[in-house]
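First up is the structure itself, then whatever we jot down about it.
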Amino acid sequence: VALVLLTATMAQTPAPEPIEVMILGTYHFGNPGQDLHNARIDSVLTPDRQSQLAAVADGLARFRPTAVAVERVAADQSTMLDHRYPAFTPADLLTNTDERVQIGYRLAHRLGLARVYAIDEQGGDGEPTYFPFEAVHNWAEANGRAANLTAMHAQIAAKVADLEQRQRIRDVGSVLAFMNGPEAAADDKAFHYALMQFGAGDAQPGAVLNGRWFTRNAEIFARLMQAAEPGDRIVVVYGAGHASWLREMVENTPGFRLVEPDDYLPAE
């Protein structure tokens, strides 16, 4: 009888609303020069680009997000709210090239959202780097594998050149749609996994790099999980290099539902 009553009670208890998450991988509009390969990007402050970014915000607004999350370390880890967002005004869109401002803040302000989360993770002083590429480079040089690594560099350099050309001739929404497509995600994962060939025996710098990169993204997603509320619809504006891992984490976490940005980005 107790089992029957418990089953009946569970059947009557509605499941919590899923948390819908859209991962929008972006290129750096005002490139800080911190990536392995850095693209030269035309100014997004021109009237034409501002019109294109307004169209991006209009498209993302159709998702009806309840919160936005960006690639910044929160000053207050207990709330994870972006401490810079409260000072934002639309005038900043004419002077600040940062994609967190141009997409994330623009969208949140347009919808009147109070919750803009800063969910990034960065290693502190004395902590190991999350992308220890120098160790991979050194191992390849010492073990006669420099040519293999150079060939991988050339592949990435070609993709950066393609991005530079694409953003010159296409609108912002079109470039973002391309960067968030399945081909780009597959290429990103393939590059990281290919780095695991660099190592032998107890020295596995390529595997260590992949493990630390996963750890950083796991900490980012953990913050998103902890900030999210049942029924939320969250747009995550992040560097495209994180997008494939973050998508995978959303897809495989109970209570979360991945929403791809394709249907919400403006067609060119």
Please table the atom pairs, donor to acceptor, closer than 3.5 Å between any side-chain atom in residues 180-189 and protein atoms at least two apart or in another chain.
{"unit_1": "Asn180", "atom_1": "OD1", "unit_2": "Gly25", "atom_2": "N", "d": "2.7"}
{"unit_1": "Asn180", "atom_1": "OD1", "unit_2": "Arg247", "atom_2": "NH2", "d": "2.5"}
{"unit_1": "Asn180", "atom_1": "ND2", "unit_2": "Gly25", "atom_2": "O", "d": "2.9"}
{"unit_1": "Asn180", "atom_1": "ND2", "unit_2": "Leu176", "atom_2": "O", "d": "2.7"}
{"unit_1": "Asp187", "atom_1": "OD2", "unit_2": "Lys159", "atom_2": "NZ", "d": "2.9"}
{"unit_1": "Asp188", "atom_1": "OD2", "unit_2": "Ser244", "atom_2": "OG", "d": "3.1"}
{"unit_1": "Lys189", "atom_1": "NZ", "unit_2": "Glu248", "atom_2": "OE1", "d": "2.7"}

Search all heavy atoms of Leu24 against all heavy atoms of Pro261 and return the closest pair with its distance. CD1-CB, 4.0 Å
Please give me the minimum heavy-atom distance between Gly173 and Leu265, naming the atom from each residue. O-CD1, 4.1 Å
With a 4.0 Å cut-off on N to O distance, would you call Arg115 and Asp232 a salt bridge? yes
Start with the C-alpha gap between Arg233 and Glu20, add the side-chain angles, then the distance that decides, and say whether salt bridge (Lys or Arg N to Asp or Glu O under 4.0 Å) holds. CA-CA 5 Å; Arg233 295 181 298 278; Glu20 296 187 341; 5.1 Å; no
When rounded to the nearest 0.5 angstrom, what is the spacing between CG in Leu107 and CG in Leu111? 5.0 Å
Give a yes or no on this: more than 12 heavy atoms of other residues, nucleotides or ligands lie within 6.0 Å of atom CZ of Arg62. yes
Of all the heavy-atom pairs spanning Phe29 and Thr97, show the shortest one and how long it is. CB-O, 2.9 Å
Consider only side-chain N and O atoms of Asp120 and Gln122, and report whether a donor and an acceptor are under 3.5 Å apart. yes
Between Tyr85 and Phe88, what is the ring plane arrangement, given parallel below 30°, perpendicular above 60°, and tilted in between? parallel
Taking atom types as modelled and ignoring hydrogens, do the side chains of Tyr105 and Asp82 form a donor-acceptor contact shorter than 3.5 angstrom? yes
Between Trp213 and Tyr130, does the ring centre distance come in under 6.0 Å? no
Only residue of Arg223, Arg216, Arg212, Arg72 satisfying salt bridge (charged side-chain N to carboxylate O under 4.0 Å, His left out) with Glu121 is Arg223
If you take all heavy atoms of Val208 and Pro132, which pair is closest and at what distance? CG1-CG, 4.5 Å
Side-chain donor-acceptor contact under 3.5 Å, Asn217 with His242: yes
Quick note, salt bridge (charged side-chain N to carboxylate O under 4.0 Å, His left out) partners involving residues 122-141, not counting sequence neighbours, are none
Between Ala75 and His83 the two heavy atoms that sit nearest each other are N-ND1, 3.3 Å
Is it the case that Thr46 and Asp48 place a side-chain donor and acceptor less than 3.5 Å from each other? no
